[in-house]
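Presented below is the structure to which this report refers.
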Amino acid sequence: MRLANKTAIVTGASQGIGLACAQRLVQEGARVMLVDIRPEGADAAATLGDAARFHQADVSIKAEVDAMMAATLAAFGQVDILINNAGVTHAADFLDLEEDDFDRVLRINLKSMFLCSQAAAREMVKRQSGCIINMSSVNAELTIPNQVPYVVSKGGVNQLTRVTAISLAQHGIRVNAIGPGTILTELAKKAVLGSPEARHTILSRTPLGRCGEPEEIAGIAAFLASDDASYMTGQTLYADGGRMALNYTVPVRE
Ligand SMILES: NC(=O)C1=CN([C@@H]2O[C@H](COP(=O)(O)OP(=O)(O)OC[C@H]3O[C@@H](n4cnc5c(N)ncnc54)[C@H](OP(=O)(O)O)[C@@H]3O)[C@@H](O)[C@H]2O)C=CC1
Ligand SMILES: C[C@H](O)[C@@H]1OC(=O)[C@H](O)[C@@H]1O
């Protein structure tokens, strides 16, 4: 129970990696506000008992972030941990990409993290302690040609993590990121696992020979949120089956 008496906000928590993070933080003793643009998170929160609440919000809109923070403080009285997990992608070739689609992905994947981090940090500063975890991606450094705004947003997440870390360290607030490889969620199934050929391509670049599970990312989030990571800030930890260590293909073990 490394997170006993801690309070966390997890965005994009109705499903996938965010839901797994919320479940793991509750297991570790935290009280968790699950936040998502989708209402399904309410059912997920209900399965987690009194330690969890749900708040529906579009975390790329400041007024809704402010309402999320107010709801968390009303429910739990404090904010110790923020996991900026909400994210989307949009597939389009560079020459066909529409401005609105570019803006939407950057707004949700990057600006939302700034808005939520600023709101949470203003509460954490009062207690001179806190932890922010941003969900980045291997695509902060590895690129996918038809996912221009996604890879750009994730590169920005790594820099946002560093600049937020050096800005808040004086207040005892740590800021790190996790860079997952391909994790078996709805986002990845739609974006890159939609055909046997696409799956083969991913696996040919993954030394461990498999996609990851949301729970494997949640375990890293629990570590970064705990005192076991007390001397870590400004870092991006890649959990990718070896993708970032690889510069050639591997035999696929189907
Ligand atoms: N799955 C993977 O392979 C990888 C994922 N990641 C990152 O992990 C994070 C979670 O991904 P994953 O679990 O796969 O995604 P999912 O799509 O499964 O879950 C993301 C959740 O966030 C919600 N959401 C979207 N926009 C907003 C918003 N503006 N405000 C609040 N909630 C919102 C989504 O709703 P809706 O469904 O309506 O969009 C969805 O419920 C993302 O940041 C993603 O980039 C990084 C590397 C690999
Ligand atoms: C949308 C992506 O393709 C998905 O999310 C990531 O960051 C991984 O690269 C997955 O493939």
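Atoms within a ligand are numbered from 1 in the order they appear, just like the ligands themselves. Note: hydrogens, waters and symmetry copies are ignored here, and every other heavy atom, side chains too, is used.
Heavy-atom separations between S136 and ligand 1 include at least one value shorter than 4.0 Å. Heavy-atom distances between G181 and ligand 1 reach below 4.0 Å in at least one pair. Residue-ligand proximity: T11 is placed with every non-hydrogen atom at 4.0 Å or more from ligand 1. Contact annotation: E64 has no heavy atom less than 4.0 Å from any atom of ligand 1.
Taking every heavy atom of T182 and a limit of under 4.0 angstrom, the matching atoms of ligand 1 come to 3 (O). Here is the list of ligand 1 atoms found below 4.0 Å of a heavy atom in M135: 7 (C), 8 (O), 9 (C). Atoms of ligand 1 lying under 4.0 Å from any heavy atom of P180, numbered from 1 in the order shown and given with element: 46 (C), 47 (C), 48 (C). Close approach to I144 involves these atoms of ligand 2, each under 4.0 Å from a residue heavy atom: 3 (O). Proximity to T182 (heavy-atom distance under 4.0 Å) selects the following atoms of ligand 2: 10 (C), 11 (O). Residue R38 approaches ligand 1 through these ligand atoms, each under 4.0 Å from one of its heavy atoms: 35 (O), 36 (P), 37 (O), 38 (O), 41 (O). Near S137, meaning under 4.0 Å from one of its heavy atoms, ligand 2 places the atoms 6 (C), 7 (O). If you number the atoms of ligand 1 from 1 as listed, the ones under 4.0 Å from a heavy atom of N85 come out as 8 (O), 9 (C), 10 (C), 42 (C), 43 (O).
Counting protein heavy atoms only, atom 1 (N) of ligand 1 is closest to T185 OG1, 2.9 Å. Nearest protein heavy-atom neighbour of atom 3 (O) of ligand 2: V192 CG1, 3.2 Å. If you check which protein heavy atom lies closest to atom 8 (C) of ligand 2, you get N139 OD1, 3.4 Å. Of all protein heavy atoms, the one lying nearest to atom 25 (C) of ligand 1 is V88 CG1, 3.6 Å. Of all protein heavy atoms, the one closest to atom 1 (C) of ligand 2 is Q147 OE1, 3.3 Å. Among all non-hydrogen protein atoms, the one lying nearest atom 6 (N) of ligand 1 is Y150 OH, 3.6 Å. Atom 29 (N) of ligand 1 has its closest protein heavy atom at D58 OD1, 2.8 Å. For atom 32 (N) of ligand 1, the closest non-hydrogen atom on the protein side is I37 N, 3.1 Å. Taking atom 26 (N) of ligand 1 as the reference point, the nearest protein heavy-atom neighbour is I108 CG2, 3.6 Å. Remark: minimum distance from atom 17 (O) of ligand 1 to any protein heavy atom is reached at L187 CB, 3.7 Å. If you check which protein heavy atom lies closest to atom 5 (O) of ligand 2, you get Y150 OH, 3.0 Å. Atom 3 (O) of ligand 1 has its closest protein heavy atom at I183 N, 2.7 Å.
Classification of R104 and E99 as a salt-bridged pair fails, no side-chain N sitting under 4.0 Å from a carboxylate O. A salt bridge is absent between E186 and K190: the closest approach of a Lys/Arg side-chain nitrogen to an acidic carboxylate oxygen does not fall below 4.0 angstrom. The existence of a salt bridge linking R31 and D50 is excluded, since no basic side-chain nitrogen approaches an acidic carboxylate oxygen closer than 4.0 Å. For R2 and D227, the salt-bridge test fails: no basic side-chain N is under 4.0 Å from an acidic carboxylate O. Taking 4.0 Å as the cut-off between side-chain N and carboxylate O, K62 and D66 count as a salt-bridged pair.
Polar contact check, V59 against ligand 1: a nitrogen or oxygen pair lies under 3.5 Å apart. Polar contact with ligand 1: present for I17 (N/O pair, distance under 3.5 Å). Considering backbone and side-chain atoms alike, Q15 places an N or O below 3.5 Å from some N or O of ligand 1.
Checked options T161, N176, N158; the residue passing with S136 is N158 (criterion: side-chain hydrogen bond (donor to acceptor under 3.5 Å, both in side chains)).
Formation of a donor-acceptor pair under 3.5 Å by the S14 side chain with backbone atoms of R38 is found in this model. Put simply, the side chain of Q56 gets close to the backbone of I37: a donor and an acceptor are under 3.5 Å apart.
Using a 3.5 Å distance cut-off with no hydrogens or angles, the side chains of Q147 and T89 do pair a donor with an acceptor. Side-chain polar atoms of S60 and R107 form a donor-acceptor pair below 3.5 angstrom. Under 3.5 Å, the side chains of T11 and N85 contain no donor-acceptor pair of N or O atoms. When only modelled atom types and interatomic distance are considered, N134 and N84 share a side-chain donor-acceptor pair under 3.5 Å. At a cut-off of 3.5 Å, with distance as the only test, a side-chain donor of Q78 or D80 sits close to an acceptor on the other residue.
Atom CG in L224 sits 11.5 Å away from atom OG in S230 (nearest 0.5 Å).
Within a 6.0 Å sphere centred on CD of E98, heavy atoms belonging to other residues, nucleotides or ligands number 12 at most.
Closest approach of A140 to K154, counting heavy atoms only: CB-O, 3.3 Å. Considering all non-hydrogen atoms of both residues, R210 and L203 come closest at CA-CD2, 3.7 Å.
Residue-level proximity to ligand 1 for K154 is carried by the side chain, the only part with a heavy atom below 4.0 angstrom. Heavy atoms of I202 found under 4.0 angstrom from ligand 2: none, in either backbone or side chain. With a 4.0 Å cut-off on non-hydrogen atoms, A57 touches ligand 1 through its backbone and not its side chain.
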